[in-house]
Amino acid sequence: QTASLADGFCQALNQQDLVTAQRLLHSLKGSSGTLGMHALSAEAAALEQRLQAAPQVEPLLDLQPAAHALQQSINRTCQAALARCLSVAT
């Protein structure tokens, strides 16, 4: 679910849909925190603060590099969690 939230967030940014972007990022922050992915949750929270200031401070499209960095963090976190699960199972 975390990865699909990030994909939806990036898509909302591309479409300049501020309301959807805010909702998905807030969900991503909460979901990752609930799952114990605290660094990911903090990264989402920082991006959420930037998004709340947009577009008054920066255009939504300027947030795309940060959104892609968040996607990469999600991928790394999920891969690490999967590796831990597999090592415990063996």
Review point. Where do Ser87 and Arg84 land on the side chain to side chain donor-acceptor pair (under 3.5 Å) test, with the steps shown first?
Key: CA-CA 5 Å; Ser87 69; Arg84 282 193 298 271; over 6 Å; no
Practice item. Apply side chain to side chain contact (heavy atoms under 4.5 Å, CB included) to Leu51 and Phe9, showing your working. Key: CA-CA 11 Å; Leu51 184 62; Phe9 170 69; 3.8 Å; yes
Practice item. Tell me, with the steps shown, if Gln71 and Cys10 meet side chain to side chain contact (heavy atoms under 4.5 Å, CB included). Key: CA-CA 9 Å; Gln71 280 184 309; Cys10 289; 3.5 Å; yes
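Taking 4.5 Å as the limit, every side-chain heavy atom of Gln22 sits out of range of all side-chain heavy atoms of Glu48. In this structure, Leu18 and Leu13 have side chains that are not in contact, with every pair of non-hydrogen atoms separated by 4.5 Å or more.
Here the shortest heavy-atom pairing between Thr77 and Met37 reads CG2-SD, 3.6 Å. For the pair Leu47 and Leu25, the tightest heavy-atom approach, listed with the atom from each and the gap, is C-CD2, 3.5 Å. Of all non-hydrogen atoms in Ser41 and Gly33, the two that sit nearest each other are CB-N, 3.7 Å. The two atoms that bring Ala44 and Leu70 nearest to each other are N-CD1, 4.1 Å, heavy atoms only.
His68 contributes atom NE2, which lies 13.0 Å from atom OG of Ser73 (distance to the nearest 0.5 angstrom).
Between the Ser32 side chain and the Lys29 main chain, a donor and an acceptor come within less than 3.5 Å of each other.
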